[in-house]
Q: 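Submitted below is the structure of interest, expressed as C-alpha cells.
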Amino acid sequence: METKKIDWLGSEVRHNGENIGIVTQIRPNVANGRRYAFVQPHDPEFGERRVPVDELTLVEDVL
C-alpha cells in the first residue's frame, strides 16, 4: 500500500525498472481495493496502459 501521498497526475513513472510514460488518470477498483494509474507511453505507437499505483515509482525518485 502507498505510504506517502503523491500527486501522480502528469508525473513520469517507472514500472519494473522501465520508464513507461506519464500518468493521465487515477481510478480506484472497488472490487479489489487497489488504485490504478492510466499511463500514456512516450511512443504513440503503443496505447495507454493501466498499472496498479502501488507498483509504480516516480522517475524523480530513481534519479
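Atoms considered below: every heavy atom in the structure, side chains included; atoms not considered: hydrogens, waters and symmetry mates. FYI, the numbering just counts along the sequence from 1.
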Q: Mind checking whether Leu9 and Leu56 sit in one hydrophobic cluster, side chains of I, L, V, M, F, W, Y counted as touching below 4.5 Å?
A: yes
Q: Report whether Val53 and Tyr36 are members of the same hydrophobic cluster (ILVMFWY, side-chain heavy atoms less than 4.5 Å apart, transitive linking).
A: no
Q: Among the clusters formed by ILVMFWY side chains lying less than 4.5 Å apart, do Phe46 and Val39 turn up in the same one?
A: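 Phe46 and Val39: separate clusters.
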Q: Please table the atom pairs, donor to acceptor, closer than 3.5 Å between any side-chain atom in residues 15-30 and protein atoms at least two apart or in another chain.
A:
from  : atom 1 : to    : atom 2 : distance (Å)
His15 : NE2    : Glu55 : OE1    : 2.9
Asn19 : OD1    : Gly21 : N      : 3.4
Asn19 : ND2    : Glu12 : OE2    : 2.9
Thr24 : OG1    : Phe38 : O      : 3.1
Thr24 : OG1    : Glu48 : OE2    : 2.6
Gln25 : OE1    : Arg27 : NE     : 2.8
Gln25 : OE1    : Arg27 : NH2    : 2.9
Asn29 : OD1    : Ala31 : N      : 3.0
Asn29 : OD1    : Asn32 : N      : 3.4

